[in-house]
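Report on the structure given below.
For the numbers below, each heavy atom of this structure counts, side chains included, while hydrogens, waters and symmetry mates do not.
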Amino acid sequence: MKPTLVVLAAGIGSRYGSLKQMDSFGPAGETIIEFSVYDALLSGFERIVFVISRAMEKDFSESFVKRFPAHVAIDYVIQEMEDLPEGFHVPEGRAKPWGTAHAVMAARHVVKEPFAIINGDDFYGRTSFQLVSDFLSQVGANENHFCMAGYSIRQTLSEHGTVSRGLCEVDENLFVTSIIERTKIGFTPSKEIAYQDETGQQVLVEGDPFVSMNIFGFTPAFFHWLQEYFVIFLRETGPDLKSEYFLPYILNKLIKEKKVTLKVLPTPEKWFGVTYKEDKPFVTQMLKELTSRGVYPSPLWKGNI
């Protein structure tokens with residue numbers, strides 16, 4: 001059974017300022033998502049499932065899907081803010097859904113095979129997709145053995161502001177022992193790396209640890225955990241209008257409780273993405289260079305794949 005790629009594309013891009021998932025970055029006007037889909041198809045993924053917002057549905061279904069060849073199996077699901085466990089309701093005043101883990105949970109009704117998830121506004125590189133695809137080809141649908149493509153933190157920061165990353169600790173066999181979502185990570189004036197902790201204090205990051213860039217490989221068993229731990233999360237956060245159900249939150253709990261394993265697959269690829277509008281020229285130049293070197297055709301879909 002070939003794996004499915006789940007693309008998280010529902011975010012509104014508050015820091016970027018527009019719907020960056022549908023913005024053009026490639027030499028022929030391609031979106032970043034198209035390069036990810038292209039790489040995934042070459043790496044053994046068979047179907048693409050997009051998680052989108054209700055506001056995006058019309059543009060997505062009427063125009064965006066037409067960017068891909070007709071033979072590519074494309075499906076989509078809506079991340080609804082009201083998709084909550086029984087007994088819970090949306091707090092009055094909440095303006096957006098519940099984060100990345102909640103977005104993945106939205107795909108539970110249509111994905112029944114091993115799957116990878118990625119962000120729609122990040123470039124991961126073909127080797128990363130191949131590593132995850134190879135891992136998923138060796139696990140059963142009900143196993144609790146998961147993986148992530150591992151990038152070093154220094155290669156994932158923006159020169160134009162701070163970012164959020166899942167900071168990982170690993171054992172000698174590259175199994176994750178801890179993964180914590182850290183916010184406001186960036187370079188200090190002396191080019192050290194620091195994040196802001198829960199108390200607002202700046203904490204320096206030692207070494208060059210692996211971080212999660214939301215390219216994970218899961219089996220369908222993960223959907224069970226997503227729903228079970230969402231209840232715990234909602235009880236913990238209560239009516240907090242800005243709380244987010246992040247993937248590192250649930251993965252860290254599952255790892256600590258020894259219910260799952262998460263293997264880091266170190267990737268030689270260079271990650272790049274668009275958090276701020278100022279990031280766009282760099283991403284556009286990188287995709288231009290990759291295309292000029294023959295890594296990608298131009299236009300991207302001119303040949304068969």
If Ile, Leu, Val, Met, Phe, Trp and Tyr residues are connected whenever their side-chain heavy atoms lie under 4.5 Å apart, and connections chain through other members, are Leu241 and Phe246 in the same group? no
Would you say the side-chain atoms of Ser24 pair up with the backbone N or O of Gly29, donor to acceptor, closer than 3.5 Å? yes
May I ask you to decide if Asn214's main-chain N or O and Ser212's side chain share a donor-acceptor pair within less than 3.5 Å? yes
Regarding Asp134 and Gln130, is there a side-chain donor-to-acceptor distance under 3.5 Å anywhere? yes
Does the gap between the ring centers of Phe230 and Tyr245 come in under 6.0 Å? yes
Using a strict threshold of under 4.0 Å (side-chain N to carboxylate O), is an ion pair present between Arg154 and Glu192? no
When you compare the side chain of Phe222 with that of Ile250, does any pair of heavy atoms fall below 4.5 Å? yes
Output yes when a side-chain donor or acceptor of Ser133 lies under 3.5 Å from a complementary backbone atom of Ser43, and no otherwise. yes
Taking every non-hydrogen atom, the tightest pair across Thr219 and His145: CG2-O, 4.1 Å
Okay, side chain of Lys66, backbone of Glu62: is any donor-acceptor separation there less than 3.5 Å? yes
Tyr195, Ile180: one ILVMFWY side-chain cluster at the under-4.5 Å cut-off? no
Hey, mind stepping through Lys256 and Ser178 against side-chain contact (heavy atoms from CB on, under 4.5 Å) and telling me if it holds? CA-CA 7 Å; Lys256 294 295 186 183; Ser178 171; 3.9 Å; yes
Please determine whether a side-chain nitrogen of the Lys or Arg among Glu113 and Lys2 lies less than 4.0 Å from a carboxylate oxygen of the Asp or Glu. no
Under 4.5 Å between any side-chain heavy atoms of Phe218 and Val6, yes or no? no
Counting only N and O atoms by type, is there a donor-acceptor contact under 3.5 Å from the side chain of Trp98 to the main-chain atoms of Met81? yes
Does some side-chain heavy atom of Val170 sit less than 4.5 Å from a side-chain heavy atom of Thr177? no
With a cut-off of 6.0 Å (strictly less than), are more than 12 heavy atoms of other residues, nucleotides or ligands near CD of Glu206? no
Smallest separation among heavy atoms of Arg108 and Gln227, with atom names: NE-OE1, 3.5 Å
Do Met105 and Val90 land in one hydrophobic cluster if side-chain heavy atoms of ILVMFWY residues count as linked below 4.5 Å? yes
Trace of the side-chain contact (heavy atoms from CB on, under 4.5 Å) decision for Lys253 with Trp225: CA-CA 10 Å; Lys253 282 186 173 290; Trp225 299 119; over 6 Å; no
Go through it in stages, so that I can follow the logic: the residues are Val176 and Val264, the test is side-chain contact (heavy atoms from CB on, under 4.5 Å), and I'd like the CA-CA distance, side-chain angles, deciding distance and then a yes or no. CA-CA 7 Å; Val176 176; Val264 172; 3.5 Å; yes
Going through the distances and angles, do Asn144 and Thr261 end up as a side-chain contact (heavy atoms from CB on, under 4.5 Å)? CA-CA 7 Å; Asn144 288 304; Thr261 61; over 6 Å; no
So do Arg182 and Val203 actually touch side chain to side chain, heavy atoms under 4.5 Å? no
Assess whether atom CD of Glu236 is packed by more than 12 heavy atoms of other residues, nucleotides or ligands within 6.0 Å. yes
Residues Tyr124 and Met213: closest non-hydrogen pair is OH-O, 2.7 Å
What pair of heavy atoms forms the shortest contact from Val132 to Ala116, and how long is it? CG1-CB, 3.9 Å
Between the side chain of Asp240 and the main-chain N/O of Lys242, is any donor-acceptor distance below 3.5 Å? yes
What is the distance from atom OG of Ser36 to atom CD1 of Ile118, rounded to the nearest 0.5 Å? 4.0 Å
Hey, any chance Val139 and Phe175 share a hydrophobic cluster, counting ILVMFWY side chains that come within less than 4.5 Å of each other, even indirectly? no
Lys259 atom NZ, over 12 foreign heavy atoms within 6.0 Å: yes
Tell me whether Leu84 is reachable from Ile232 by hopping between hydrophobic residues (I, L, V, M, F, W, Y) whose side-chain heavy atoms are closer than 4.5 Å. yes
Spell out, as yes or no, whether a donor-acceptor pair under 3.5 Å connects the side chain of Thr100 to the backbone of Leu247. yes
Quick one: does Ile179's side chain get under 4.5 Å of Leu167's, heavy atoms only? no
Minimum side-chain heavy-atom gap Phe115-Arg47 below 4.5 Å: no
Rounded distance (nearest 0.5 Å) linking atom CZ of Phe123 with atom CG of Leu287: 6.0 Å
Taking side chain as C-beta onward, heavy atoms only, is Thr188 less than 4.5 Å from Leu204? yes
Return the OG1 to CZ distance between Thr156 and Arg165, rounded to the nearest 0.5 Å. 4.0 Å
Between Phe272 and Met286, what is the shortest heavy-atom contact and its length? CZ-CB, 3.6 Å
Please report the interatomic distance CD(Glu30) to OG1(Thr291), rounded to the nearest 0.5 Å. 7.0 Å
Aromatic ring centroids of Phe233 and Phe88 under 6.0 Å? no
Residue pair Ala149 / Thr267: nearest heavy atoms and the distance that separates them: CB-CG2, 4.5 Å
Taking the side chain as everything from C-beta on, heavy atoms only, tell me whether Trp271 gets closer than 4.5 Å to Ile215. no
Under the 3.5 angstrom rule, does the side chain of Arg94 hit a backbone N or O of Ser243 as a donor-acceptor pair? yes
Is Lys288 atom NZ crowded by more than 12 heavy atoms from other residues, nucleotides or ligands, each under 6.0 Å away? no
How long is the straight-line distance from CD1 of Ile117 back to CG of Leu5, given to the nearest 0.5 Å? 9.0 Å
So, does Glu143 use its side chain to make a donor-acceptor pair with the main chain of Gly140 at under 3.5 Å? yes
The ring pair (Phe, Tyr, Trp, His ring centres under 6.0 Å) partner of Tyr76 among Phe64, Phe50, Phe68, Phe60 is Phe60
Measuring from atom CD of Gln79 to atom CE of Met56, what distance do you get when rounded to the nearest 0.5 angstrom? 11.0 Å
